[in-house]
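Written below as structure tokens is the structure these notes are about.
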Amino acid sequence: MALVAVAVAAMCVGCSIKEDRSLCPCSLALDFSDVEASVADMSEVYISAPGGFLYHDEEAVLGMAEAEVSGEVRRVYSVDVPKTQVDVSVVSGAGGGFVPGKGISIRTGEQCPPVFLHYSRLDAVAEWRIVPVKLRKDYCRIDIRMLASAGEYPFRLTVKGNVCGINADRSVAEGNFSYSFVPDSDGSGAVRVPRQLDNSLVLQVLDGDRVLREFALGEYIAESGFDWTQEDLADVGVEIDYANSYIKVKVAEWSGSFGFDIVI
């Protein structure tokens, strides 16, 4: 990539000294230097402002360049925006499911996409602004393994919750969440859920439409010490001994686990 200098003089191309500089755009530089390359390279950029301004680049990687910022070479993405309040969203992993101003909606029967999000609101009234991009992991992958005496798993698992999306500002959208899957031959499967508001997640074991057993999944995860408010959500492993009514939860990056007796 070419090395470019981030300088005030370069931020007002097309505006002469004699012109009203309040009409010049603000040159906004999104600094991706602290974002993992594989995540940054999948990023989309959305910028909106009052008056109907909307900017979208679904291949932000093509607009990134190395720039010298305060004596350091940084990886930046530059765009001209109106000199007003602007909302900046950077999205990675949404699979085209992000809607500007609304965010990500998860339809019933679908799981949360493996999404990383950045959101910031700022006053772009200066000649230029630099915004450090922090793409945060806003989903949790729950790996579930069922232990049973039988070699086959004829049942279906359903995870239900009350968060059905992620708003553009990274807050959660309340609504029904439901995702079902059939465990593989090892009794294993997984579901991605968005950030939760409480411990209301439940796991149902179904035979057809009949609920054989229901587990207070959110409560068990909370007992393990999992924190839904952390900036980057960890992943969770859940192991259920179906025959002996026992559940074990393990949080990624944590070496211990808890066991819980289940009252039927």
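Partners of T84 under the side-chain hydrogen bond (donor to acceptor under 3.5 Å, both in side chains) rule, at least two apart in sequence or in another chain, do not exist in this structure. Remark: K134 engages D34 in a salt bridge (charged side-chain N to carboxylate O under 4.0 Å, His left out) (not counting sequence neighbours). Scored by the side-chain hydrogen bond (donor to acceptor under 3.5 Å, both in side chains) test, D209 finds no partners at all (sequence neighbours excluded). Listed by chain and number, the residues in a salt bridge (charged side-chain N to carboxylate O under 4.0 Å, His left out) with R121 are D87 (sequence neighbours excluded). Looking at residues two or more places apart in sequence or on another chain, you find a salt bridge (charged side-chain N to carboxylate O under 4.0 Å, His left out) between D41 and R75.
Checking side-chain atoms of D123 against main-chain N and O of V125 turns up no donor-acceptor pair under 3.5 Å. The main-chain N or O of K137 is found under 3.5 Å from a side-chain atom of D232 such that the two form a donor-acceptor pair. Of the possible polar contacts, one joining the R195 side chain to the W228 backbone as a donor-acceptor pair under 3.5 Å is found. With hydrogens and angles disregarded, no donor-acceptor distance shorter than 3.5 Å links the side chain of S89 to the backbone of Y46. Side-chain atoms of Q196 come within 3.5 Å of backbone atoms of P194 as a donor-acceptor pair (strictly under, hydrogens ignored). At least one donor-acceptor pair closer than 3.5 Å links the side chain of Q111 to the backbone N or O of R192. In terms of modelled atom types and a separation under 3.5 Å, the side chain of N162 and the main chain of N176 share no donor-acceptor contact. Judged by distance alone, the side chain of N167 and the main-chain N or O of D169 form no donor-acceptor pair under 3.5 Å.
Other residues, nucleotides and ligands contribute only 12 or fewer heavy atoms inside 6.0 Å of the CD atom of E174.
With a 4.5 Å cut-off on side-chain heavy atoms, V88 and V81 do not count as touching. Under the 4.5 Å side-chain criterion, counting only non-hydrogen atoms from C-beta, M146 is in contact with F155. Counting heavy atoms from C-beta outward, Y139 and P114 have side chains that approach closer than 4.5 Å. Proximity of I221 to I142: side-chain heavy atoms (C-beta onward) are separated by under 4.5 Å at one or more points. A heavy-atom distance below 4.5 Å is not found between the side chains of V45 and V79. Between P183 and L157, the closest side-chain pair of non-hydrogen atoms falls below 4.5 Å.
With respect to the salt-bridge test (charged N to carboxylate O, under 4.0 angstrom), the residues R145 and D143 do not qualify. With respect to E231 and R170, a salt bridge is recorded, a charged nitrogen being found less than 4.0 Å from a carboxylate O.
Transitive grouping of hydrophobic side chains (ILVMFWY, heavy atoms separated by less than 4.5 Å) keeps F116 and Y119 in distinct clusters. Tracing side-chain contacts under 4.5 Å through hydrophobic residues (I, L, V, M, F, W, Y), one reaches M64 starting from V35; they form part of the same cluster.
Membership of the apolar cluster around L206 extends to V211, as traced through chained side-chain contacts below 4.5 Å between ILVMFWY residues.
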So F98 and V115, side chain to side chain contact (heavy atoms under 4.5 Å, CB included) or not? Walk me through it.
CA-CA 10 Å; F98 182 89; V115 65; over 6 Å; no
Go through it in stages, so that I can follow the logic: the residues are Y77 and S43, the test is side chain to side chain contact (heavy atoms under 4.5 Å, CB included), and I'd like the CA-CA distance, side-chain angles, deciding distance and then a yes or no.
CA-CA 11 Å; Y77 179 96; S43 297; over 6 Å; no
Candidate pair L28 and R129, rule side chain to side chain contact (heavy atoms under 4.5 Å, CB included), full reasoning:
CA-CA 5 Å; L28 189 65; R129 290 289 303 271; 3.7 Å; yes
I'd like to know whether F177 forms a side chain to side chain contact (heavy atoms under 4.5 Å, CB included) with V193, so could you lay out the CA-CA distance, the side-chain angles of the two residues, the decisive distance to 0.1 Å, and finally the verdict.
CA-CA 9 Å; F177 173 93; V193 300; 3.9 Å; yes
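Proximity of the aromatic rings of Y220 and F215 is defined here by a centroid distance below 6.0 angstrom, and this criterion is not met.
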